[in-house]
Amino acid sequence: MIKKVLLFSLLAIFSFAQTKFSDPQPTFDNPRKVVYSLYVGDLETVNHTIGSMYNILKEYPSESLKIVVVAYGKGLRVLKKDYDANTLNRVKSLMEYDVEFVACKNTMETMKWTEKDFIDGISYTQAGIVEVIEKQQEGYIGITAY
């Protein structure tokens with residue numbers, strides 16, 4: 001019985017533990033900035049990566065976080081209208097939380113895809129990898145799809 005009470009108490013403590021943010025604290029004027037490199041298109045990796053975005057969104061107040069996802073190479077397929085419907089719904093849900101999705105035009109040209117092949121609401125850049133580099137120069141923390 002004592003073990004159950006102790007276990008319950010520990011679970012309660014850890015359930016209500018909040019993340020301690022490093023200084024300077026994230027704010028509207030100084031948000032945490034994250035850029036994801038999405039260059040793989042396999043469903044398991046993509047959904048795991050999307051799940052990590054949801055985890056970040058749960059921890060930070062929305063006004064103190066900026067997430068950009070740059071899709072290039074095989075990862076660009078994720079933003080096509082004919083990709084997995086459930087995953088596309090998750091992408092659209094993230095867009096409602098102001099997660100920005102950026103498509104690589106170089107990959108589009110190589111694959112003979114046009115903007116009409118992609119979901120609404122995304123933006124475009126000529127070279128996806130260059131966009132990632134520039135975001136990191138602007139202070140974004142780089143995360144690779146895993």
Is it true that, when you exclude Y97 itself, more than 12 heavy atoms of the residues, nucleotides or ligands shown sit nearer than 6.0 Å to its OH?
no

Testing the basics here: between L79 and A71, what is the closest heavy-atom pair and its distance to 0.1 Å?
CD1-CB, 3.8 Å

Could you list the residues that satisfy salt bridge (charged side-chain N to carboxylate O under 4.0 Å, His left out) with D82, not counting sequence neighbours?
K80

Please report the interatomic distance CZ(F101) to CG(L94), rounded to the nearest 0.5 Å.
5.0 Å

Given 3.5 Å as the limit, does a donor-acceptor pair link the side chain of T49 with the main chain of T45, or not?
yes

Of all heavy-atom pairs linking Y83 and D42, the shortest is OH-C, 4.0 Å

Give the C-alpha distance, both sets of side-chain angles, the deciding distance and a yes or no for side-chain contact (heavy atoms from CB on, under 4.5 Å) between I67 and L57.
CA-CA 9 Å; I67 299 176; L57 286 166; 4.2 Å; yes

Applying side-chain contact (heavy atoms from CB on, under 4.5 Å) between M53 and each of V91, I143, V69, report the one that passes.
V69

Begin with the C-alpha distance, continue with both residues' side-chain angles, and end with the deciding distance and a verdict on side-chain contact (heavy atoms from CB on, under 4.5 Å) for E115 and K105.
CA-CA 9 Å; E115 289 184 16; K105 286 187 173 184; 4.0 Å; yes

Taking it one step at a time, do N106 and Q126 satisfy side-chain contact (heavy atoms from CB on, under 4.5 Å)?
CA-CA 6 Å; N106 286 344; Q126 190 61 46; 2.6 Å; yes

Check side-chain hydrogen bond (donor to acceptor under 3.5 Å, both in side chains) between Y72 and all other residues, then give those that pass, not counting sequence neighbours.
none

Neighbour count >12 (heavy atoms, 6.0 Å) for atom CZ, R77
no

Rounding to 0.5 Å, atoms SG (C104) and CD1 (I129) come to a distance of 9.0 Å

Enter the distance from I133:CD1 to E131:CD here, rounded to the nearest 0.5 Å.
10.5 Å

Heavy-atom closest pair, residues L88 and V78
CD2-O, 3.1 Å

Counting only N and O atoms by type, is there a donor-acceptor contact under 3.5 Å from the side chain of Y54 to the main-chain atoms of R90?
yes

Distance, nearest 0.5 Å, that separates NZ of K92 from CD1 of I122
11.0 Å

To the nearest 0.5 Å, what is the distance between CG (L38) and CD1 (I50)?
7.5 Å

Heavy-atom nearest pair, E63 first then P31, reads O-CB, 4.5 Å

What pairs with E138 under salt bridge (charged side-chain N to carboxylate O under 4.0 Å, His left out), at least two apart in sequence or on another chain?
K135

Report the distance from atom OG1 of T107 to atom CH2 of W113, rounding to the nearest 0.5 Å.
8.0 Å

Hey, does S123 have a side-chain heavy atom less than 4.5 Å from the side chain of V102?
yes

Between L76 and F118, is a side-chain contact (heavy atoms from CB on, under 4.5 Å) present by the stated rule, with each step listed?
CA-CA 9 Å; L76 186 54; F118 294 90; 3.7 Å; yes

Test item: K74 and V40 side chains (from C-beta on) under 4.5 Å apart, heavy atoms
no

Is there a side-chain contact between T125 and V130 (heavy atoms, below 4.5 Å)?
no

